[in-house]
Amino acid sequence: MAKDSELWDIICDGPHVPMKKLEETEPMVPKDSKEYNNIDRKAIDKNYHAKKILVYEIGTDEYNKVSACDTAKEIWEALQTTYEGTTQVKQSKIDMLTTEYELFRMNDDESV
C-alpha cells in the first residue's frame with residue numbers, strides 16, 4: 001500500500017529532483033546524474049515506474065497525446081485535460097447545465 005501511495009504522490013506532485021547546495025549562501029541546484037546516490041536513483045526510478053503504469057493502461061490514441069510528456073505528472077495532467085477539460089471548460093459546462101435546470105418547466109400538456 002505504501003508503494004502505491006508513493007506512486008500516487010509522484011503522479012500528483014511531480015518527480016523527485018535530487019538537489020545540492022554549492023555554497024551555504026547560494027540556493028539549491030539540481031544534481032548532475034553522475035552525482036546521484038542510491039537514494040536519489042530509487043526516487044527517480046519511482047517516476048519511471050509511475051509513468052510506465054500510466055502508459056501501459058492507455059490506448060494508442062491516448063499514447064499519441066502523452067508520448068512527449070517527460071513525467072508521470074505531465075501524463076496525468078494531459079489525460080485530465082483531454083477527458084475533463086480545463087477549469088474554464090468545466091465551469092462553462094456547470095453554468096450551462098445550471099441554466100438548463102433553472103429553465104426546466106413542465107408544459108401545459110404534460111402531467112406529473
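Numbers for residues simply follow the sequence, beginning at 1.
- Pairs engaging residues 8-21 under the salt bridge (Lys or Arg N to Asp or Glu O under 4.0 Å) rule: Lys20-Glu35 [sequence neighbours left out].
- Hydrophobic cluster membership of Leu103, counting Ile, Leu, Val, Met, Phe, Trp and Tyr whose side-chain heavy atoms lie under 4.5 Å apart directly or via other members: none, as it forms a cluster of its own.
- Here the straight-line distance linking atom CD1 of Ile53 with atom CD1 of Ile75 works out to 11.0 Å at 0.5 Å rounding.
- Within the structure, the side-chain hydrogen bond (donor to acceptor under 3.5 Å, both in side chains) test picks out the following pairs touching residues 91-100 (sequence neighbours left out): Gln91-Asp95.
- Residues satisfying the salt bridge (charged side-chain N to carboxylate O under 4.0 Å, His left out) test with Glu102, not counting sequence neighbours, are none.
- Nearest heavy atom pair, residue Asn47 against residue Ala72, reads OD1-N, 3.2 Å.
- Remark: Lys52 engages no residue in a side-chain hydrogen bond (donor to acceptor under 3.5 Å, both in side chains) (not counting sequence neighbours).
- Val17 and Leu7 are assigned to two separate hydrophobic clusters, defined by single-linkage of ILVMFWY side chains at heavy-atom distances under 4.5 Å.
- Listed by chain and residue number, Leu22, Glu23 satisfy the side-chain contact (heavy atoms from CB on, under 4.5 Å) test with Glu26 (two or more places apart in sequence, or in another chain).
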For residues 37-44, tabulate all N or O donor-acceptor pairs below 3.5 Å that involve a side-chain atom, not counting sequence neighbours.
| residue | atom | partner | partner atom | Å |
| --- | --- | --- | --- | --- |
| Asn37 | OD1 | Ile39 | N | 3.1 |
| Asn37 | OD1 | Asp40 | N | 2.8 |
| Asp40 | OD2 | Lys31 | NZ | 2.8 |
| Asp40 | OD2 | Asn37 | N | 3.4 |
| Arg41 | NH2 | Ser33 | O | 3.4 |

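- The hydrophobic clustering, which links ILVMFWY residues whose side-chain heavy atoms are closer than 4.5 Å, places Tyr36 and Ile10 apart.
- Listed by chain and number, the residues in a side-chain contact (heavy atoms from CB on, under 4.5 Å) with Lys34 amount to none (sequence neighbours excluded).
- Not counting sequence neighbours, Lys65 has no partner by the salt bridge (charged side-chain N to carboxylate O under 4.0 Å, His left out) test.
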Side chains of residues 76-83: which donor-acceptor partners sit under 3.5 Å, not counting sequence neighbours?
| residue | atom | partner | partner atom | Å |
| --- | --- | --- | --- | --- |
| Thr81 | OG1 | Glu77 | O | 2.9 |
| Thr82 | OG1 | Ala78 | O | 2.8 |
| Tyr83 | OH | Glu62 | OE2 | 2.3 |

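- The ring pair (Phe, Tyr, Trp, His ring centres under 6.0 Å) contacts involving residues 93-112 comprise nothing, where partners must be two or more places apart or lie in separate chains.
- At least one side-chain heavy atom of Asp45 sits less than 4.5 Å from a side-chain heavy atom of Tyr48.
- Taking the side-chain hydrogen bond (donor to acceptor under 3.5 Å, both in side chains) definition, one finds that Lys46 meets it with Glu6, sequence neighbours left out.
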